[in-house]
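Reading through the C-alpha cells given below for one structure.
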Amino acid sequence: MNNTIKGVLFALLATLLWSGNMVIASGIKGHIPPIGLAFWRWAVACIVLAPFALKATIDTISTVKKHIKYLALTALLGITFFNTLIYFAGKTTNAVNLSLIAISIPLFIVLLSRIVFKEKVSTKQNIGIAIIITGVLVLISKGSFQALLHIQFATGDVLMLFACFFFACYTILVRQKPDELTPKVFLFSVFVIGTVFLLPLYVVEHIYFKKVTLDSKTILITGYVGVCASLISFYVWNEAIRLIGTSKTALIYYLIPVFSGLLAYLFLNQEISLSQMISMGIIISGLLITNKK
C-alpha cells in the first residue's frame, strides 16, 4: 500500500470518527456542560495514550521543552479552543447552520496552505472544490435555494466560524511538526497541554455554572469522544497530513455530512432523503475530481 492510499484511508477514518461524534452529540445536548465535556474528552484521551507515550515523552523531555512554544500553540488551537467552541456553538444555533459553517474548514486550510506553504491550487482542484461545496449546500438546504436565503445566523454561528479557523490553523501547524518529535510524543504532549489549559475553565464551570453528572450515559459518551473522536482520529488525521499534505487531507473532511447522514440513518433511524442522496453523489464526485492525478 503506497503512502497516498494510506493517507487517504487515514483521513477517511478520522472523518468517519468525527461524524460519529456529531451524531452522538446531537443526542446529549444539555446533558453534559460544554467545558466539562471538552475537559473529560481530552483527559480520557491522555489516560488511554499514557501507557504508550509517557515513557517516550519523559525520555525526550528536552526535545519537548525545546519546542514547548510550538506545542503550546498547537494544543491551544486544536485541543483547547476548537472542540470547546463547537460545544458552545451547539447550544445557541442549529445543526443546519453548523453544517453550513463547517464547510469553511477545508477552505481555510487550502487558503492557509497557499499562504504558508505556497501550495498552488490547480484549475482541476478549484472545479472539484466548487462541486464539493455545491453538494454540501444541496445537502443542508435539502435542495431548496430559498432555504439558504432564509438562514439566520446567531452567536453560535460566529463561535463555529472561529472554531473552524482554529482547526485549520492546527492542521497547518501539524504540517510543520519538528521531525525530532515522534508522532506519539507530539500527540501526547499536545493532549496534555491542551487539557491543562482547559482545567481552570472546567473548575470555574463546575463551581459556578453546571457540574458534570457522572452516569452511564456520560461515561459512554466521554469514552467514545475521548478514545475514538480524539485519540484515534487525531492520530490518523495527523498521519494523513504527513502522507498526502494539508490540502488533500482537508478536502476529505467534506465527507463529514455524508458519513453523518449514513450513521444517523443506521443508529438514529433518520431517513435519507432524495436530496441527501444526490448531494452525497455530488460531494464524492468532487472529491474524486480533486484528487485525480
Side-chain angles (χ1 to χ4, degrees), residues 1-22 45 70 73-75 77-79 81-83 86 99 101-122 124-133 135-136 163-179 181-184 186-187 190-191 194 228-260 280 283-293:
M1 184 183 297
N2 61 42
N3 285 342
T4 299
I5 295 176
K6 190 183 295 184
V8 170
L9 290 176
F10 280 161
L12 284 171
L13 177 58
T15 304
L16 177 62
L17 293 175
W18 283 325
S19 299
N21 178 49
M22 291 186 179
Y70 162 78
L73 180 59
T74 305
L77 295 174
I79 308 303
F81 284 165
F82 172 57
N83 292 282
I86 290 178
S99 298
I101 298 168
I103 68 174
S104 66
I105 291 180
L107 296 179
F108 278 135
I109 293 174
V110 171
L111 179 61
L112 289 172
S113 296
R114 180 75 180 90
I115 295 172
V116 177
F117 304 119
K118 310 300 181 184
E119 289 184 358
K120 294 182 179 180
V121 182
S122 66
K124 181 177 64 178
Q125 287 177 313
N126 283 323
I127 293 173
I129 291 171
I131 293 173
I132 291 169
I133 293 174
V136 174
C164 293
F165 178 73
F166 289 147
F167 187 72
C169 291
Y170 166 84
T171 300
I172 296 299
L173 286 169
V174 170
R175 174 78 177 272
Q176 297 176 301
K177 182 184 76 68
D179 293 334
L181 294 169
T182 63
K184 64 181 179 181
F186 168 76
L187 209 61
V190 168
F191 282 6
C228 298
S230 299
L231 176 58
I232 298 174
S233 60
F234 270 71
Y235 174 79
V236 294
W237 180 262
N238 293 351
E239 283 297 287
I241 293 169
R242 181 180 66 83
L243 293 169
I244 61 176
T246 52
S247 296
K248 287 186 176 181
T249 303
L251 291 173
I252 295 173
Y253 187 86
Y254 280 115
L255 283 172
I256 274 193
V258 176
F259 287 149
S260 297
M280 289 178 187
I283 292 170
I284 293 171
S285 298
L287 282 169
L288 290 174
I289 291 172
T290 305
N291 287 285
K292 186 177 180 181
K293 292 185 178 180

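Worth knowing before you read on, the calculation uses all heavy atoms, side chains too, and leaves out hydrogens, waters and symmetry mates. As the structure is a computational prediction, the values presented were derived from the model and not from experiment.
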Inter-residue atom distance [X].[atom1] - [Y].[atom2], 0.5 Å rounding:
| X | Y | atom1 | atom2 | answer |
| --- | --- | --- | --- | --- |
| I5 | L243 | CD1 | CG | 11.5 Å |
| I232 | L16 | CD1 | CG | 11.0 Å |
| I252 | T15 | CD1 | OG1 | 6.5 Å |
| N3 | R242 | CG | CZ | 7.0 Å |
| I244 | T4 | CD1 | OG1 | 7.5 Å |
| E239 | L13 | CD | CG | 12.0 Å |

Determine whether [X] and [Y] make a side-chain contact, defined as any pair of heavy atoms from C-beta on separated by less than 4.5 Å.
| X | Y | value |
| --- | --- | --- |
| I241 | T171 | yes |
| F165 | L77 | no |
| L187 | L231 | yes |
| F167 | N83 | no |
| Y235 | K184 | no |
| Y170 | N238 | yes |

Please give me the minimum heavy-atom distance between [X] and [Y], naming the atom from each residue.
| X | Y | answer |
| --- | --- | --- |
| T249 | A11 | CG2-CB, 4.1 Å |
| A168 | F108 | CB-CB, 3.4 Å |
| A240 | F10 | CB-CB, 4.0 Å |

Q) Can any side-chain N or O of K177 pair as donor or acceptor with the backbone N or O of L181 at less than 3.5 Å? A) yes
Q. How are the rings of W237 and Y253 set to each other: parallel, tilted or perpendicular (split at 30° and 60°)?
A. perpendicular
Q: Fit a plane to each ring of F166 and F81, take the angle between them on a 0 to 90° scale, and name the class: parallel (under 30°), tilted (30 to 60°) or perpendicular (over 60°).
A: tilted
Q: With side chain to side chain contact (heavy atoms under 4.5 Å, CB included) as the test, would you mind laying out the steps for F186 and Y70 before giving the verdict?
A: CA-CA 10 Å; F186 168 76; Y70 162 78; 3.7 Å; yes
**Q.** side chain to side chain donor-acceptor pair (under 3.5 Å) involving S233 - partner list, sequence neighbours excluded
**A.** W18
